[in-house]
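See below for the structure under consideration.
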Amino acid sequence: MPIRPEHRFFYPIDWPQLSDAIRFRRAQGRCEGCARPHLQRVFHLGDGRWWDTKIAAWRDGQGRRLRQRLRDENLLARIRVTKVVLAAAHRDHDTANNEDANLAAFCQRCHMLHDRDEHQRRRWRTLFRRKAMGDLFQGPYPAA
């Protein structure tokens, strides 16, 4: 995942090499959360379950092989395709802590789930800022 220019100074100068070491040497090109392969298109159901062509079986959101058959008769209508891209993530959300144990190789889904609280915090801050700007320039919102 590319780093935004305004956040670049939070990361060390050798971040690309560090990220490559985590994603490809340690994790061997698979997500450490769900085992999805890097730069491969995977079929998934949108709830974490995905088809692993390597073992020819469905996996759950944690990468465990599903033992039961999927019983949904409308399964084909729910299948989506996503290209997986691995990114190195900080487990404790501290970009200054670049210890091996603190870094993880996550796909987009696992990275978003890992950072969910931070994304929700930013979203609420943005919504409150917009409401405050509306109050400032257009007066208070009418009671509905």
Side-chain angles (χ1 to χ4, degrees), residues 1-138 141 144:
M1 222 183 261
I3 301 169
R4 290 184 177 171
E6 63 268 19
H7 298 154
R8 180 47 107 186
F9 64 93
F10 288 122
Y11 292 85
I13 198 163
D14 63 344
W15 178 252
Q17 294 81 12
L18 193 58
S19 175
D20 282 350
I22 296 299
R23 294 180 296 147
F24 302 117
R25 276 186 252 152
R26 187 178 81 193
Q28 297 171 350
R30 286 194 163 251
C31 176
E32 292 179 327
C34 66
R36 293 180 189 201
H38 180 62
L39 293 181
Q40 298 295 316
R41 295 192 185 281
V42 297
F43 296 100
H44 65 94
L45 299 176
D47 61 359
R49 294 179 293 179
W50 63 281
W51 179 256
D52 189 351
T53 56
K54 188 173 182 180
I55 64 169
W58 287 95
R59 290 186 182 264
D60 66 5
Q62 285 78 42
R64 296 181 301 251
R65 184 178 181 163
L66 293 179
R67 301 288 178 206
Q68 307 122 350
R69 288 186 74 154
L70 298 177
R71 302 240 187 262
D72 190 2
E73 62 276 347
N74 199 13
L75 188 65
L76 289 177
R78 294 181 48 207
I79 291 180
R80 305 177 197 167
V81 180
T82 301
K83 183 177 180 180
V84 177
V85 179
L86 291 183
H90 291 87
R91 292 185 192 273
D92 67 356
H93 305 285
D94 179 10
T95 56
N97 183 0
N98 293 312
E99 296 294 321
D100 233 23
N102 187 45
L103 296 174
F106 285 150
C107 65
Q108 308 95 304
R109 179 183 178 276
C110 293
H111 204 154
M112 288 298 287
L113 290 172
H114 176 70
D115 291 342
R116 177 179 28 215
D117 293 338
E118 178 65 20
H119 291 290
Q120 286 177 340
R121 185 183 65 78
R122 285 184 191 167
R123 182 171 163 232
W124 280 107
R125 185 174 59 188
T126 302
L127 291 174
F128 284 131
R129 184 181 305 130
R130 285 184 187 158
K131 185 176 184 320
M133 292 298 284
D135 289 347
L136 181 64
F137 291 108
Q138 299 169 352
Y141 289 111

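Everything numeric in this text was worked out from a predicted model, so none of it was measured.
Going from atom CD1 of Ile22 over to atom CG of Asp100 covers 4.0 Å, rounded to the nearest 0.5 Å. Separation of atoms CZ (Phe10) and CG (Asp94) is listed at 10.5 Å; rounding is to 0.5 Å.
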- Could you walk me through whether Val84 and His38 pass the side chain to side chain contact (heavy atoms under 4.5 Å, CB included) test, one step at a time? CA-CA 5 Å; Val84 177; His38 180 62; 5.6 Å; no

- Message: Run Val81 and Val42 through side chain to side chain contact (heavy atoms under 4.5 Å, CB included) and show every step you take.
- Response: CA-CA 6 Å; Val81 180; Val42 297; over 6 Å; no

- Task: Decide salt bridge (Lys or Arg N to Asp or Glu O under 4.0 Å) for Asp52 and Arg59; before the verdict, give the C-alpha distance in whole Å, the side-chain angles of both, and the deciding distance to 0.1 Å.
- Result: CA-CA 7 Å; Asp52 189 351; Arg59 290 186 182 264; 2.6 Å; yes

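The backbone N or O of Ala87 lies less than 3.5 Å from no partner atom in the side chain of Gln108, so there is not a single donor-acceptor pair. No side-chain donor-acceptor contact under 3.5 Å links Gln62 to the backbone of Cys34. One N or O on the side chain of Asp47 and one on the backbone of Arg49 form a donor-acceptor pair closer than 3.5 Å. The main-chain N or O of Gln17 is never found under 3.5 Å from a side-chain atom of Asp14 such that the two would form a donor-acceptor pair. Not one N or O on the side chain of His111 forms a donor-acceptor pair closer than 3.5 Å with the backbone of Leu86. Between the side chain of His44 and the main chain of Gly46, a donor-acceptor pair closer than 3.5 Å is present. Checked by atom type and distance alone, the side chain of Asn102 pairs as donor or acceptor with a backbone atom of Asn97 at under 3.5 Å.
More than 12 heavy-atom neighbours from other residues, nucleotides or ligands sit within 6.0 angstrom of CD on Glu6. For CZ of Phe43, the number of neighbouring non-hydrogen atoms (other residues, nucleotides, ligands) closer than 6.0 Å is 12 at most. Under a cut-off of 6.0 angstrom, the local environment of CD1 in Ile55 is crowded, with over 12 non-hydrogen atoms contributed by other residues, nucleotides or ligands.
Not a single salt bridge (Lys or Arg N to Asp or Glu O under 4.0 Å) links Arg8 to another residue, sequence neighbours left out.
Counting all heavy atoms, side chain and backbone alike, Asn98 lies closest to His90 at OD1-NE2, 2.8 Å. Residues Cys31 and Cys107 share a closest heavy-atom pair of SG-N, 3.3 Å. Of all heavy-atom pairs between Glu32 and Ala104, the closest is OE1-CA, 3.2 Å.
Between Trp58 and Trp51, the ring planes are perpendicular. Angles over 60° get that label, and only those under 30° would be called parallel.
For the pairing with Arg30, the side chain to side chain contact (heavy atoms under 4.5 Å, CB included) check across Gln40, Lys54, Arg36 returns one residue only, Lys54. The residue from Arg91, Arg23, Met112 that alone fulfils the side chain to side chain contact (heavy atoms under 4.5 Å, CB included) condition with Phe106 is Arg91.
Side-chain contact between Lys83 and Leu39: present, with at least one pair of heavy atoms (C-beta onward) separated by less than 4.5 Å.
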